[in-house]
Amino acid sequence: MKLGCCYYPEHWPEAIWAEDARRMAAMGLQLVRIGEFAWSRIEPEPGRFDWGWLDRAIDTLAGAGLRIILGTPTATPPKWLVDRMPDMVAIDEKGRPRGFGSRRHYCFSHEGYRAEAARIVTALAERYGRHPAIAMWQTDNEYGCHDTVLSFSKAAASAFRGWLAARYGTPEALNEAWGNVFWSMEYRSFAEVDPPHLTVTEANPAHWLDYRRFASDQVASFNREQVEILRAHSPDADITHNFMGFFTEFDHFRLGRDIDVATWDSYPLGFLEQFWFSSDEKRAYLRQGHPDIAAFHHDLYRGCSGGRWGVMEQQPGPVNWARFNPAPLPGMVALWTLEAAAHGAELVSYFRWRQFPQAQEQMHAGLLRPDSSEAEAADEVRQAAAVLAEIGPQECASAPVALVFSYEAAWVIGIQPQGASFRYLELVFEAYSALRERGLDVDIVSPDADLSGYRMVVVPTLPIVPEGFAQKLAALDVPVLLGPRSGSKDASFRIPDGLAPGALKALVPLTVTRVESLRDGVAEAAEGFVVTRWREDVASDLVPELTDAQGRGVVFLHGRVRYCAAWPDRALLRLLTGRMASEAGLALLDLPAGIRVRRSQTCVFTFNYASEAVFVPHLRGVLPPASWHLDPRQTPARPPLDPR
Ligand code: GAL
């Protein structure tokens, strides 16, 4: 695994570039990502390119032995472009244009902007496509950041109509699929259909689902246009895009098929603060991040582009964008780095080299402070680089558990939560966490993945069951868990004929006759767990495997397949995944809070995310806070490394 950093030569006097490059290499960095926001400096005026500074920056960095990841600058269209083409900006759900003055102000559907994006990408690719220092291209930057996947512009409306015509053929078929007879919502032509915003009350959920599918396709096709240009001019370099954390607005599996390496931007402390975690977790993991945040995304994005993945932006210190922005515990930056290696990353690049004293991110730490002195993380980068050099390349061992993740499922639940606390990402994350707390390695896979070879499969929920999925599961003969709401809709957002779980009835013979959601704080007793947030009434001849205190079935088992008819709390997830693992013959570890294990093909890594020292039974020793232990598994002659 290579280390790198994100660098903005255009922010700094040219006189310090060479010294920066020398210091990067001396710190153990081998990669440097540049360029992704530099459009106004590359093309200061329409058609007038200024390549000189970028040529010199690339040569200076390459001269120090660094290889370059070059970003296409399409996330930051310059002012002159917006002024020439004012309707290229995205329109938000309330109908307001997204103004100039930050970034990501474009609409994915605007043909004029797409042509401009293709033009600047072509210019860059022609100039640097065969430059020997270019290792990789990054398309754009964080598609969808700042809530920018959905746009409600005229361009988007018109592209949506074309998308609908291609999908349905006739307006009658669309009316039928969406159920538009309800509330007289029928259309006589595709030209009559608008995006689903600004309606008096909620728009038809089928309308929303298609709008989300359409918007996701627009992101993928915008990206594909860049990829095609880059491949044509730069056949030897890899192509990546940097995905975000806890982000489901487009189908990353779909986009991932077009790139070589899926990368993501890892800000564990910011994510802990901004997402659903309890205040106890926020306190316990304030300076470390929840022990599954980084790993969850490593395992998700590893599944997105055929196994090659990395971290393009790694938090090095306090960020600027969360409600509260604590500093990591000493040791965490090195721990996060090695954990990425344990999960099979090929790169970790720190964001950013030097804190920039101006503009929006002036409070965001870097590896250097604005005065060029080293920030706290710099030593940890050197330390991680030394460990990586010692352990050599790591490939992650194949995981016994598949956790099925679906972007479409996230859209369905988001469009129709039916209970305010039914959150798709939280459900999947909790299932992942329950598996990781027992020391199981997990692959997070799309519903179309090949599931043969896994020893158990967990489907936290899958409201729309794709063609062939039930048959694929039936052929496996391993323990399978199907979560609540699985099979509860068809592809048109309709309750299936014969009710939920639709096609999955072939796996477990039961019918969901009623669902209810429960407000926060309501928890109905059961043995060893509670029923909270969501419960389903089930009609079945099966004797339930687990019931609540009133004797109502909560979990039904048929053959090796379980259906869980309630939101599974942690205790229930732990119970079920534990039972499944023992049925699958998988050895479980009982890891103390904050401890996680990940196996590569050559090492067993143990990480301590707790803020205090913890006795770890499988190591028969104590791990200090924010530290790790490596056990070589296939080179027993080598003595184990000392912790830290
Ligand atoms: C990412 C983004 C970077 C920078 C960073 C700050 O979302 O890609 O450009 O803004 O966050 O943490």
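Both counts, for ligands and for their atoms, begin at 1 and track the order of listing. Quick caveat: nothing in here was measured; it's all calculated off a predicted structure.
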Check your understanding: Applying a strict 4.0 Å limit to heavy atoms, is Q360 in contact with ligand 1?
Key -> no
Exercise for review: Please identify which atoms of ligand 1 are closer than 4.0 Å to at least one heavy atom of D265.
Suggested key: 8 (O)
Point to revise | N141: numbered ligand 1 atoms lying under 4.0 Å from its heavy atoms | key: 2 (C), 8 (O), 9 (O)
Review point. Which protein non-hydrogen atom lies closest to atom 10 (O) of ligand 1, naming both residue and atom, and how far is it?
Key: E361 OE2, 2.3 Å
Check your understanding: Which atoms of ligand 1 sit under 4.0 Å from any heavy atom of H364?
Key -> 6 (C), 12 (O)
Check your understanding: In ligand 1, which numbered atoms sit nearer than 4.0 Å to a non-hydrogen atom of F37?
Key -> 9 (O)
**Study point:** ligand 1 atoms in contact with E142 (distance to a heavy atom under 4.0 Å)
**Key:** 1 (C), 2 (C), 7 (O), 8 (O)
Check your understanding: For E313, is at least one N or O under 3.5 Å away from an N or O on ligand 1?
Key -> yes
Point to revise | Plane angle bin for F214 and F160 - parallel if under 30°, tilted between 30 and 60°, otherwise perpendicular | key: tilted
Check your understanding: So, S349 side chain and M312 main chain: donor-acceptor pair closer than 3.5 Å or not?
Key -> yes
Revision key, fill the gap. At under 4.0 Å between heavy atoms, what of Q315 touches ligand 1? The answer is neither
Check your understanding: Evaluating non-hydrogen atoms only, which member of R103, E36, R104 is closest to atom 9 (O) of ligand 1?
Key -> R103
Review point. Charged N to carboxylate O under 4.0 angstrom, E408 versus R254?
Key: no
Practice item. Answer yes when R130 and D236 have at least one side-chain N-carboxylate O distance shorter than 4.0 Å, and no when they do not. Key: no
Study note, to complete from the structure: min-distance protein heavy atom vs atom 5 (C) of ligand 1 -> Y267 OH, 3.3 Å
Practice item. Return yes if a side-chain donor-acceptor contact under 3.5 Å exists between Y106 and R104, otherwise no. Key: yes
Practice item. For S373 and D371, test the side chains for any donor-to-acceptor distance below 3.5 angstrom and give the result as yes or no. Key: yes
Check your understanding: Any idea how W80 and W39 line up, ring-wise: parallel (<30°), tilted (30 to 60°), or perpendicular (>60°)?
Key -> perpendicular
Check your understanding: Taking the six-membered ring for Trp, are F277 and F246 parallel (under 30°), tilted (30 to 60°) or perpendicular (over 60°)?
Key -> tilted
Review point. Does an N or O anywhere in N320 fall below 3.5 Å from an N or O of ligand 1?
Key: no
